[in-house]
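Right, one structure below, let's go through it.
Order of the sequence lines fixes the chain letters, A, B, ..., with proteins taken first and strands second; residue numbering starts at 1 for each chain.
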Amino acid sequence: MLQIQIIRKDPEEVIRLLAFKKFEARDIISDILRCDEDRRKLQKQVDEQLAESNLIARQVGEMMKSGRAAEAAPLKEKSAGLKAGIKNLETELATLEETQFRLLVQLPNLPHPDIRPGGHAEDNEIVHSEGRMPDLDDQALPHWELAAKYQLIDFELGSKISGAGFPVYKGQGARLQRALVSLFLDEAVAAGYLEIQPPLMVNEASAFGTGQLPDKDGQMYHATADNLFLIPTAEVPVTNLYRDLILRQDELPVKNAAYSACFRREAGSYGKDVRGLNRLHQFDKVEIVQIQHPDRSYETLEEMREHVAGLLRKLELPFRILKLCGGDMSFTSAWTYDFEVYSAAQQKWLEVSSVSNFETYQSNRMKLRFKGDDGKAQLAHTLNGSALALPRIVAALLENHQTGEGIRIPPALQAYTGFEMIR
RNA sequence: GGAAAGAUGGCAGAGUGGUCGAAUGCGGCGGUCUCGAAAACCGUUGUCCGCUUUUGCGGACCGGGGGUUCGAAUCCCCCUCUUUCCGCCA
């Protein structure tokens, strides 16, 4: 959620930057400003009335104490008369506050000024590219066929017990999952992240805090009996750990890493992109989260980007890093790098990680602050990234490392799988 | 699922209708003392909103919402959560 102060200060700049995200904000902004003005005017009125009422109450108190109860009667009456008016004003104020909030929540985060405007994939800038493209022969198979051939993943069985998009991993396939999770967690811990094992279900306040509600309502599985949501990413519970907190400046940066299963309804996405592991309702992911001082959050973003790149190197996968254009970034992000791994057998790039700086957008919702040197509380910046999401990594590993004898496991992973080849 | 107790400032914990944003202790910060540190002593120490924007003024907040009253942390109602006991159980 954007801070009202920023909109008040320079509404034209907000409109200009939101246009980078292909968001036409002019109407909402003018509604917000009008509402804000009304709200402040009303706030002043309410405060004045309350001040008067407080004064009378104090005077009555004095009289009661000094035994002049009779004199208090007219004051009591006056105060009682004020009451109805105050109540009406307060109700009106609450309505305005709610309206303003409802409007504010509709605005996406401002992209950083260095973000390119645009709304198409072609507007994304390839900022880095590395790794050797595998030259596979004509017999190269896509991962869903490899998964069947080596009995690693059973999609049909998953459909039977749950539905499409819930794969069952078996044998070396299951072991590969566990190995990747362990590798990713160990790397994160080595990089200074605190390992967290969060709940997989969260309440409404948490879903709101990181921006899943109301923006992505309908994308989460909702357990209505208890009003809990299955997490779409560990970002949600982990970032919300710090909701409503005022950290000390010397506690920054907070670095947390968490493995979790992730659940996404993916309502409305069907078609060729959903084949195999490309798009699932349940998948595993290790997420890294940082809470950082606003002055250093972009250094931190680069650090996180380098961490993710290191993982892909260990897995010996060719990858590229995209700096997303405004229109391709998420609602809540100010700056996003996407990592894509080349899938040789599908002959396309698969998104395997997304590393973002949300600046104060999440922290403003969550009231996540820190106390600076001046003793004043201010909003912290939040960042997160996948490090990494498993399914497309598994897809790329299977496809890129397939050989005539089987699928080669990169050395860094062998310690975790306990085998060098999938046969 | 049943029963009971509870929710107060960073933490612990007092406060049962008026001067309570709230005692006290711990912690934090500043100072005295010291070569320095500890101890001791003194002072200080919440968040949000509005107006002024330098000092300042007003308002709100004692889990959340509503009510009673001139006046609520304190009384009443509803909700949420926590703890303990019983039941069930990986």
Q.
Rounding to an integer number of angstrom, what distance separates B/rG66 and B/rU55 when you compare their P atoms?
A. 34 Å

Q. Hey, does A/Lys83 reach any base, or is it just sugar-phosphate, or nothing, if we go heavy atoms under 4.0 Å?
A. base

Q: Output, in order, the C-alpha distance, side-chain angles, deciding distance and verdict of salt bridge (Lys or Arg N to Asp or Glu O under 4.0 Å) for A/Glu52 and A/Lys78.
A: CA-CA 10 Å; A/Glu52 189 177 347; A/Lys78 189 176 175 199; 3.7 Å; yes

Q: Take the protein atom CZ of A/Arg243 and the nucleotide atom P of B/rU47, then report the distance between them rounded to whole Å.
A: 20 Å

(Q) In this structure, which stretches of RNA chain B are paired as stems of three or more consecutive Watson-Crick or G-U pairs, both distances less than 3.5 Å? (A) B:1-7 with B:80-86, B:10-12 with B:24-26, B:27-32 with B:40-45, B:46-51 with B:56-61, B:63-67 with B:75-79

Q) A/Lys367 has an atom NZ; how far is it from atom P of B/rC48, in whole Å? A) 9 Å

**Q.** Nucleotide B/rC49, atom P - distance to CG of A/Leu42 in whole Å
**A.** 17 Å

Q) A/Ala51 near the nucleic acid: base, sugar-phosphate alone, or nothing, with a heavy-atom cut-off under 4.0 Å? A) sugar-phosphate

Q: Using the P atoms only, state how far B/rU74 lies from B/rA60, rounded to an integer number of Å.
A: 15 Å

Q | Among B/rC70, B/rA60, B/rG46, the nucleotide that comes nearest once only the side chain of A/Asn54 is considered | A | B/rA60

(Q) Considering every strand and a 4.0 Å limit on heavy-atom distances, what is the contact class for A/Arg369: base, sugar-phosphate, or nothing? (A) sugar-phosphate

Q. Within this structure, what is the CZ-to-C1' distance between A/Phe370 and B/rG10, rounded to whole angstrom?
A. 18 Å

Q) Do any side-chain nitrogens or oxygens of A/Lys371 fall under 4.0 Å of OP1 or OP2 in B/rU47? A) yes

Q) Taking the six-membered ring for Trp, are the ring centroids of A/Tyr150 and A/Phe419 within less than 6.0 Å of each other? A) no

**Q.** Distance under 6.0 Å and angle within 45° of ring axis: A/Arg248 vs A/Phe370
**A.** no

(Q) For a quick test of reading the model, state the closest non-hydrogen atom pair linking A/Ile231 to A/Met201 and the distance between them. (A) CG2-N, 4.4 Å

Q) Nearest to the side chain of A/Lys76, which nucleotide is it out of B/rC51, B/rU47, B/rC70? A) B/rC70

Q.
I need the CG-P distance between A/Leu89 and B/rG58, as an integer number of Å.
A. 20 Å

Q: Take atom CG of A/Asp36 and atom C1' of B/rC51, then tell me their distance rounded to the nearest Å.
A: 14 Å

Q) Hey, does the side-chain of A/Asp47 have a donor or acceptor N/O within less than 3.5 Å of a partner on the base of B/rG59? A) no

**Q.** Whole-angstrom distance between B/rC76 and B/rA3, as gauged at atom C1'
**A.** 23 Å

Q) Looking at A/Pro410 and A/Leu397, what are the two nearest heavy atoms and their distance? A) CG-CD2, 4.0 Å

Q.
Just the rounded figure in Å: distance from P of B/rC49 to CD of A/Gln43.
A. 10 Å

Q. Of A/Arg39 and A/Ile56, whose nearest nucleotide on RNA chain B comes first from the 5' end?
A. A/Arg39

(Q) Which heavy atom of A/Phe23 sits nearest to which heavy atom of A/Gln106, and what is that distance? (A) CZ-O, 3.5 Å

Q. Do the side chains of A/Leu390 and A/Lys285 get nearer than 4.5 Å, heavy atoms only?
A. no

(Q) Counting the atoms with a prime plus P, OP1 and OP2 as sugar-phosphate, which does A/Leu50 contact under 4.0 Å by heavy atoms, base, sugar-phosphate, or nothing? (A) sugar-phosphate

Q | Between A/His112 and A/Tyr298, ring centroids under 6.0 Å | A | yes

Q.
So, does A/Arg8 get its side chain near the phosphate of B/rG50, meaning an N or O under 4.0 Å from OP1 or OP2?
A. yes

Q: Rounded to whole angstrom, note down the P distance from B/rC81 over to B/rG25.
A: 37 Å

Q | Separation between the C1' atoms of B/rA23 and B/rA14, rounded to whole Å | A | 6 Å

Q) Taking for each residue the nucleotide of RNA chain B bearing the nearest heavy atom, is the 5' side occupied by A/Glu90 or by A/Ala377? A) A/Ala377

Q. Of the nucleotides B/rC70, B/rG67, B/rG50, which one has an atom closest to the side chain of A/Lys87?
A. B/rG67

Q | Span that lies between the P atom of B/rC78 and that of B/rU83, in whole angstrom | A | 23 Å

Q.
From CG of A/Asn203 over to C1' of B/rC79, roughly how many Å is that when rounded to an integer?
A. 15 Å

Q: Might you point out which heavy atoms bring A/Leu180 and A/Leu413 nearest each other, and give the distance in Å?
A: CD2-CD1, 3.7 Å

Q) For B/rC51, does either OP1 or OP2 sit under 4.0 Å from a side-chain N or O belonging to A/Arg40? A) yes

Q. Roughly how far apart, to the nearest Å, are B/rU34 and B/rC57 at atom P?
A. 39 Å

Q | Distance between P atoms of B/rC61 and B/rA22 (Å, rounded) | A | 14 Å

